[in-house]
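All values reported here derive from a predicted model rather than from experimental measurement. Protein chains get the first letters and strands the later ones, always in sequence-line order, with residue 1 at the start of each.
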Number of protein chains: 2
Amino acid sequence: MSISQKCQYALRATFELAKHVGEGPVRIADIAKTQAIPIRFLEVILNQLKQGGFVESRRGSTGGYVLTHSPATLTVGEIIRFIEGPLSPVQCIAGSTGDQCPLHGDCAFLPMWEKVKDALSDVYDSTTFEDLVEQERVRRKEHVLDYSI
Amino acid sequence: MSISQKCQYALRATFELAKHVGEGPVRIADIAKTQAIPIRFLEVILNQLKQGGFVESRRGSTGGYVLTHSPATLTVGEIIRFIEGPLSPVQCIAGSTGDQCPLHGDCAFLPMWEKVKDALSDVYDSTTFEDLVEQERVRRKEHVLDYSI
DNA sequence: CGAATTGTTGACTTAGTCAATCAAGATAGT
DNA sequence: ACTATCTTGATTGACTAAGTCAACAATTCG
């Protein structure tokens, strides 16, 4: 039901990189500050994202992190699945792990869990980081207008 | 994202009571056996469900637990919310807890979390225990047919 | 009544995960 | 060479979930 803090950090970090796509590497410290993420923890997370091929790093004084995918095709679902595993609300559905469930697939709730999983996929896999960046841009614009009135 | 083991037990226990509605109290031991729930833990859970007014208990040699609501109106969502709290995927949305989020509501992901929450509600609040009992009945019938062929 | 059966209660234990931190090292730019 | 940056693995502390236990109270039925 809930997304771990780590995963939320990973999403926010990816989002921050998406915002600066095409502008060269973004420093860990900058991401940490803008997105309010503990810097040490962010190091761990970015490293994990690198293992997964979502980001690349450049060392040295002009170093930092860069998104490897286009924000237009990268979805929230991909990041969540990478950090958290399958989107299933319960273990039984997660993988074909041979049902360690003592009810042997004779569980009345299975169809419902499937429906939930599909509903989650619908939302997460249809949200790209480009969408998010665009949405924020619109919101900021409205904000400015609010102040100027 | 995931439903706790405890909550799954609570759902299965409620489901078991729904199956035997109108037949008098069901013993803890029977629920535990049929639904493969550790009996000591089930005691804790049933007690909690009783505090919430979902079940009633009767002591003595013919004692056991009875559902207080009609399975036709009792939804999975009610049980989940009672055991787990709000259906939000993240804390920020859970309650109006004054946003301890350091981004002060300026988070690009908020609309998505809302969508997820709504999607979850859609599924969980539209599934009644009568539905589940009925579905199982249908499935068992098919099973019998399978064997007789 | 009284013995057996059942639920009641709250404290307790255990195990595992999450979040975060630290420090020493490697690399690239200037 | 120097400095800013990323790299890596080990480690910690806190917290929560899951499960357990034992003494107790109420009810039923012979």
Side-chain angles (χ1 to χ4, degrees), chain A residues 1-13 16-17 24-33 35-68 80 83-85 89-91 94 100-102, chain B residues 1-13 16-17 20 24-33 35-52 54-68 80 83-85 89-91 94 100-102:
Chain A
M1 189 139 60
S2 52
I3 301 284
S4 73
Q5 194 68 7
K6 180 182 181 180
C7 186
Q8 291 180 55
Y9 288 157
L11 290 173
R12 297 223 296 266
E16 192 62 22
L17 291 180
V26 186
R27 281 176 306 176
I28 289 189
D30 290 343
I31 302 174
K33 196 173 176 188
Q35 292 294 330
I37 304 172
I39 189 164
R40 303 286 188 183
F41 198 22
L42 180 57
E43 290 172 6
V44 176
I45 293 165
L46 283 173
N47 196 37
Q48 189 171 343
L49 287 175
K50 185 185 174 186
Q51 306 298 325
F54 294 100
V55 301
E56 272 174 2
S57 64
R58 258 178 60 193
R59 305 205 215 195
S61 55
T62 64
Y65 277 89
V66 188
L67 211 57
T68 55
I80 295 184
I83 300 281
E84 301 262 65
V90 294
Q91 202 68 16
Q100 60 258 49
C101 171
Chain B
M1 188 138 62
S2 53
I3 301 286
S4 74
Q5 193 70 6
K6 181 181 180 180
C7 187
Q8 293 181 53
Y9 288 157
L11 290 173
R12 297 224 295 267
E16 193 61 23
L17 291 179
H20 296 99
V26 185
R27 283 176 305 177
I28 288 188
D30 290 343
I31 302 174
K33 197 173 178 188
Q35 293 293 330
I37 305 172
I39 189 165
R40 304 285 187 184
F41 198 23
L42 180 56
E43 291 172 5
V44 175
I45 293 165
L46 282 173
N47 197 36
Q48 190 172 343
L49 287 175
K50 185 184 172 186
Q51 306 298 324
F54 294 101
V55 303
E56 272 174 2
S57 63
R58 257 176 64 191
R59 303 206 215 196
S61 53
T62 63
Y65 276 89
V66 188
L67 209 59
T68 53
I80 295 184
I83 299 284
E84 301 264 64
V90 295
Q91 202 68 16
Q100 60 257 50
C101 171

Hey, does the side chain of A/Glu84 reach the backbone of A/Ile3 with a donor-acceptor pair shorter than 3.5 angstrom? no
A/Leu46 atom CG is separated from C/dA19 atom C1', nearest whole Å, by 16 Å
Quick one: list whatever passes salt bridge (charged side-chain N to carboxylate O under 4.0 Å, His left out) with A/Arg27, sequence neighbours left out. A/Asp30
OP1 or OP2 of C/dT8 versus the side-chain N and O atoms of B/Ser57: is any pair under 4.0 Å? yes
Mind listing the N/O atom pairs, protein and nucleotides 9-17 of chain C, below 3.5 Å?
unit_1 : atom_1 : unit_2  : atom_2 : d
C/dT9  : OP2    : B/Asn47 : OD1    : 3.1

The side chain of A/Arg27 is closest to which nucleotide in this list: D/dG19, D/dT5, C/dT5? D/dT5
Classify A/Ile28 by what it touches in the nucleic acid, base, sugar-phosphate, or nothing, heavy-atom distance under 4.0 Å. sugar-phosphate
Mind checking the CD1-CD spacing from A/Ile37 to A/Gln8? Nearest 0.5 Å is all I need. 10.0 Å
Take the protein atom CD of B/Gln8 and the nucleotide atom P of D/dA17, then report the distance between them rounded to whole Å. 14 Å
Look at A/Arg40 and C/dA20 and indicate whether a side-chain polar atom (N or O) is within less than 4.0 Å of OP1 or OP2. no
I need the CZ-P distance between A/Arg58 and C/dT27, as an integer number of Å. 16 Å
Please report the distance, rounded to the nearest Å, between CD1 in A/Ile31 and C1' in D/dT5. 13 Å
Whole-Å distance between D/dT5 P and A/Tyr65 OH? 13 Å
Once side chain to side chain donor-acceptor pair (under 3.5 Å) is applied, do any residues pair with B/Gln5, and if so which ones, sequence neighbours excluded? B/Tyr9
Taking only side-chain nitrogens and oxygens of B/Tyr9, does any of them come within less than 4.0 Å of OP1 or OP2 of D/dG19? yes
Run the side-chain donor-acceptor check on residues 59-68 of chain B: report pairs under 3.5 Å with partners two or more places apart or on a different chain.
unit_1  : atom_1 : unit_2  : atom_2 : d
B/Thr68 : OG1    : B/Gly53 : O      : 2.7
B/Thr68 : OG1    : B/Phe54 : O      : 2.8

Starting at CD of A/Glu56 and ending at C1' of C/dT27, how long is that distance when rounded to a whole Å? 16 Å
Expected list for residues 40-51 of chain A: side-chain donor-acceptor pairs under 3.5 angstrom, two or more places apart:
unit_1  : atom_1 : unit_2  : atom_2 : d
A/Gln48 : OE1    : A/Lys6  : NZ     : 2.8
A/Lys50 : NZ     : A/Ser57 : OG     : 3.1

CD of A/Gln48 versus C1' of C/dA19: gap in Å, rounded? 13 Å
To the nearest angstrom, how far is A/Gln91 atom CD from D/dA18 atom P? 11 Å
Pairwise distance CD(B/Gln35) to CG(B/Leu11) - rounded to 0.5 angstrom: 10.5 Å
